[in-house]
Amino acid sequence: MADVTIDSERKEEVLECLQDIRDRVKSAGATSSPILVAVSKYKPASDVLICYEGAGQRDFGENYVQELVDKAKQLPAEIRWHFIGTLQSNKAKTLVSIPNLHTIQTLTSTKAANLLNKALAEGPDAHRKLNVLIQVNTSGEDNKSGLSPLSSEPTADPHPLLDLATHIVDHCPFLRLQGLMTIGSIEQSIHAQEGNRDFETLLRTREALQEKLRAKYPDTTDTFGQDGRLLVSMGMSADFEEALKAGSDIVRVGTGIFGGRRTKEEVKVKGAA
Ligand SMILES: *Cc1c(COP(=O)(O)O)cnc(C)c1O
C-alpha cells in the first residue's frame with residue numbers, strides 16, 4: 001500500500017464526482033438502501049484509494065481478473081471487490097485467491113459455479129461464502145453474455161437460469177445466490193426515462209425465479225438472496241437513476257465517478273491507425 005501515491009488535484013476531482021453520484025443515488029427515490037459499486041476498471045489503484053480513504057467507499061467493481069488481482073494486492077483488505085467482467089471458468093481459482101473478493105456478478109454456467117465452489121472448498125478460509133449473481137441477457141444481443149430471462153408461466157421444460165440457480169443452492173455450499181445482474185442495451189439506456197425494457201425484464205425474471213425457488217425450498221428462508229429476496233444489479237453511469245427508480249438494489253457506476261476511459265477496442269483501433 002505504501003507505493004500508492006495520491007495526486008491532490010485528482011483527489012479533489014474524484015471525490016467531487018463520487019459525492020455527486022452519491023447524492024443522485026440518494027435522491028433517486030429508491031425504497032431500500034442501494035449499494036453503489038464504484039467501477040474502477042482501467043483506473044489506477046490510487047483512484048480507488050482516494051474513494052476509500054476520502055469518502056469511505058467500500059464496494060468497487062473490476063472487469064479483468066489480472067487487473068483485479070494486482071489492485072487487490074496493493075489496496076486495503078476491507079475493500080469489497082465485485083467482479084463484473086466476463087467470467088472464464090479457467091480464472092475461477094485465481095479470482096477466489098483474492099481474499100476480499102465479495103461478489104461475482106457475472107456467473108452464467110454450472111461449470112464455473114462448480115470450479116468456484118471447489119476452489120473455495122480447497123481454500124484456506126473454510127467458512128467463507130462467496131456471493132454470486134447470475135447474469136441475464138435481457139436485451140438478447142449476441143455481444144452480451146448471460147442466460148435467457150425467465151417468465152412466471154409454469155413450464156415443464158427445464159430452463160438454464162432455474163437450473164443454474166438450483167444447482168448453486170443444492171450443490172455449491174460455498175456460494176451464495178444473491179440475485180441477478182444485467183447490462184442491457186444502449187438503446188434502452190438512452191430512452192430509459194420512458195421505461196427501460198431491459199430493467200423490466202430483469203425485474204420480471206427476478207420475480208419468476210424467486211417464486212420458483214420459494215416453492216422449491218419452502219422451509220429454508222436463508223437459502224438464497226437477502227432474507228429470501230433476490231437482489232438485482234442493474235444501472236450504470238447513463239441510467240442508474242432510472243434503474244433505482246425501477247427498484248435496483250445494486251448500481252455499477254464507473255465513468256460518472258472516475259471519468260472516461262479508453263476501452264480495449266479503442267486502444268486497438270488507435271494502435272492500428
Ligand atoms: C464498465 C462497466 C460498468 C460501468 O460503466 P459506466 O458506464 O462507466 O458507468 C458497469 N457494469 C459493467 C458490467 C461494466 O462492464
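For ligands, and for the atoms within them, numbers begin at 1 and follow the listed sequence.
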Check your understanding: Are R80 and F60 in a cation-pi contact, defined as NZ or CZ under 6.0 Å from the six-membered ring centre and within 45° of the axis?
Key ->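 Not satisfied by the 6.0 Å and 45° rule.
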
Any carboxylate oxygen within less than 4.0 angstrom of a Lys/Arg side-chain nitrogen, looking at [X] and [Y]?
{"X": "R10", "Y": "E13", "answer": "yes"}
{"X": "R206", "Y": "D249", "answer": "yes"}
{"X": "E141", "Y": "K144", "answer": "yes"}

Review point. For S185, what residues pass the side-chain hydrogen bond (donor to acceptor under 3.5 Å, both in side chains) criterion, not counting sequence neighbours?
Key: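 side-chain hydrogen bond (donor to acceptor under 3.5 Å, both in side chains) list for S185, sorted by chain: D198.
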
Point to revise | Residues in the immediate environment of ligand 1 (any heavy atom closer than 4.0 angstrom) | key: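 Residues V39, K41, N63, I84, M181, I183, M236, S237, R252, V253, G254, T255, R261 each place a heavy atom under 4.0 Å from ligand 1, listed by chain and number.
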
Check your understanding: Taking it one step at a time, do R22 and L36 satisfy side chain to side chain contact (heavy atoms under 4.5 Å, CB included)?
Key -> CA-CA 8 Å; R22 284 180 168 182; L36 169 65; 3.9 Å; yes

